Amino acid sequence: MNLQWYPGHMTKARRAMQEDLRLIDVVIELVDARVPVSSKNPDIEEMVKNKSRILLLNKSDMADSEITGQWISFYEKKGYLALAVDARKKNNLKQVNEKIQQACRAKIERDRKRGIKNRPVRAMIVGIPNVGKSTFINSFAGRACAKTGNRPGVTRGRQWIRLNRQVELLDTPGILWPKFEDPVVGQHLAMIGSIKDELVQSVELGLILIEFLTESCPGVLNDKYSVAETSDSAEILRQIAQNRGCVRKGNEPDYEKAAFLLLDDFRNARLGRITIEKP
Ligand code: G4P
């Protein structure tokens with residue numbers, strides 16, 4: 001499976017973001033807690049190296065909480081301020097605010113020494129498509145103000161949302177691109193549904209998912225679809241098709257339909273909270 005993502009737009013997006021970054025004190029980077037490596041753009045390291053940074057492991061409601069905890073320790077050891085969140089809920093916001101204050105402590109102190117009081121810190125959300133940037137901005141800002149839609153970079157007319165006395169947020173997130181050089185990255189992003197299904201061969205992806213689940217989460221497929229978890233992924237997919245009535249004319253198993261069903265269940269956490277990438 002070989003996937004590409006608007007490589008032509010990258011340079012433009014990168015330039016636009018670099019411009020926006022000049023205005024920012026703290027970068028809040030969102031990744032998907034189920035695939036924290038594949039959903040993280042490595043170029044961002046270079047782009048924001050002089051900024052305060054916060055890493056939010058979003059969609060943590062769908063990830064294995066123990067592994068998310070391991071990821072937080074992993075990133076904290078690397079010097080990040082990291083936090084697990086569910087962008088749809090407002091109950092993480094206090095913690096996020098605390099992290100922002102923590103991240104900007106040095107700047108606030110510098111301002112204070114120069115006699116500047118109460119200048120809010122300016123924050124910007126960044127991340128690859130579908131990690132929950134717009135959802136987070138909407139929850140964080142408390143009103144429907146984030147424009148949705150996946151455009152790389154940031155629109156020109158900059159708008160700041162005053163979150164509280166201490167923080168202002170750029171209303172439009174910075175959209176990064178995933179790094180597809182390693183085909184596994186594409187597979188993982190496709191598994192969580194972050195790549196359009198037209199680009200992805202569902203049967204192939206379904207088989208990869210079955211292989212992952214039988215190895216890493218034994219029992220899950222048996223519980224959900226009453227299949228025998230053999231080492232033959234195609235046989236498991238055949239059994240899913242059979243047990244779920246995915247059949248073509250002539251009573252042939254409809255592998256594509258069964259793969260869609262499996263992927264849809266996985267993406268919507270109906271197979272439980274499962275993290276694909278481990279530290
Ligand atoms: P983006 O701006 O980074 O591209 O992502 P966006 O906020 O549009 O979110 C992408 C999808 O992920 C949305 O679902 C959104 O509801 C969902 N989402 C965001 N954060 C979380 C989270 O923490 N947990 C869970 N479970 N889902 C989250 P959608 O199906 O595309 O849209 P809709 O059904 O919500 O309308």
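This is a predicted model, so every value here is computed, not measured.
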Applying side-chain contact (heavy atoms from CB on, under 4.5 Å), run through Trp160 and Leu169 and close with a yes or a no.
CA-CA 5 Å; Trp160 298 93; Leu169 185 69; 5.9 Å; no
Locate the shortest heavy-atom distance separating Thr135 from Arg88; write the atom from each residue and the value.
CG2-CG, 3.7 Å
Tell me whether [Y] is reachable from [X] by hopping between hydrophobic residues (I, L, V, M, F, W, Y) whose side-chain heavy atoms are closer than 4.5 Å.
X	Y	answer
Ile72	Val96	no
Leu57	Leu83	no
Val247	Leu262	no
Ile67	Val85	no

SB check [X] [Y] (cutoff 4.0 Å):
X	Y	value
Lys49	Glu46	yes
Arg248	Asp254	yes
Arg119	Glu168	no

Is there side-chain contact between [X] and [Y], with at least one heavy-atom pair below 4.5 Å?
X	Y	answer
Ser216	Lys278	yes
Arg244	Tyr225	yes
Lys78	Tyr75	yes

Is it the case that over 12 heavy atoms from other parts of the model lie below 6.0 angstrom from the CD atom of Glu45?
yes
Counting only heavy atoms not in Arg165, do more than 12 sit closer than 6.0 Å to its CZ atom?
no
Run the side chain to side chain donor-acceptor pair (under 3.5 Å) test against [X] and tell me which residues pass, sequence neighbours left out.
X	result
Asn164	Asn97
Ser38	Glu277
Arg15	none
Lys59	none

Matching residue for Trp71 among Val37, Leu55, Val31 - test: side chain to side chain contact (heavy atoms under 4.5 Å, CB included):
Val37
Exactly one candidate in Val131, Ile125, Asp86 meets side chain to side chain contact (heavy atoms under 4.5 Å, CB included) with Phe136; the answer is Ile125
Check ring pair (Phe, Tyr, Trp, His ring centres under 6.0 Å) between Phe266 and all other residues, then give those that pass, not counting sequence neighbours.
none
Please name all residues satisfying ring pair (Phe, Tyr, Trp, His ring centres under 6.0 Å) with Tyr255, sequence neighbours left out, ordered by chain then number.
none
Before you tell me yes or no, could you show the steps for Ile137 and Asp171 under side-chain contact (heavy atoms from CB on, under 4.5 Å), namely the whole-Å CA-CA distance, both residues' side-chain angles and the distance that decides it to 0.1 Å?
CA-CA 7 Å; Ile137 293 176; Asp171 76 333; 5.6 Å; no
What's the verdict on side-chain contact (heavy atoms from CB on, under 4.5 Å) for Leu221 and Thr214, showing C-alpha distance, side-chain angles and the deciding distance?
CA-CA 7 Å; Leu221 290 171; Thr214 48; 3.9 Å; yes
Gln242 and Arg238: side chain donor to acceptor below 3.5 Å:
yes
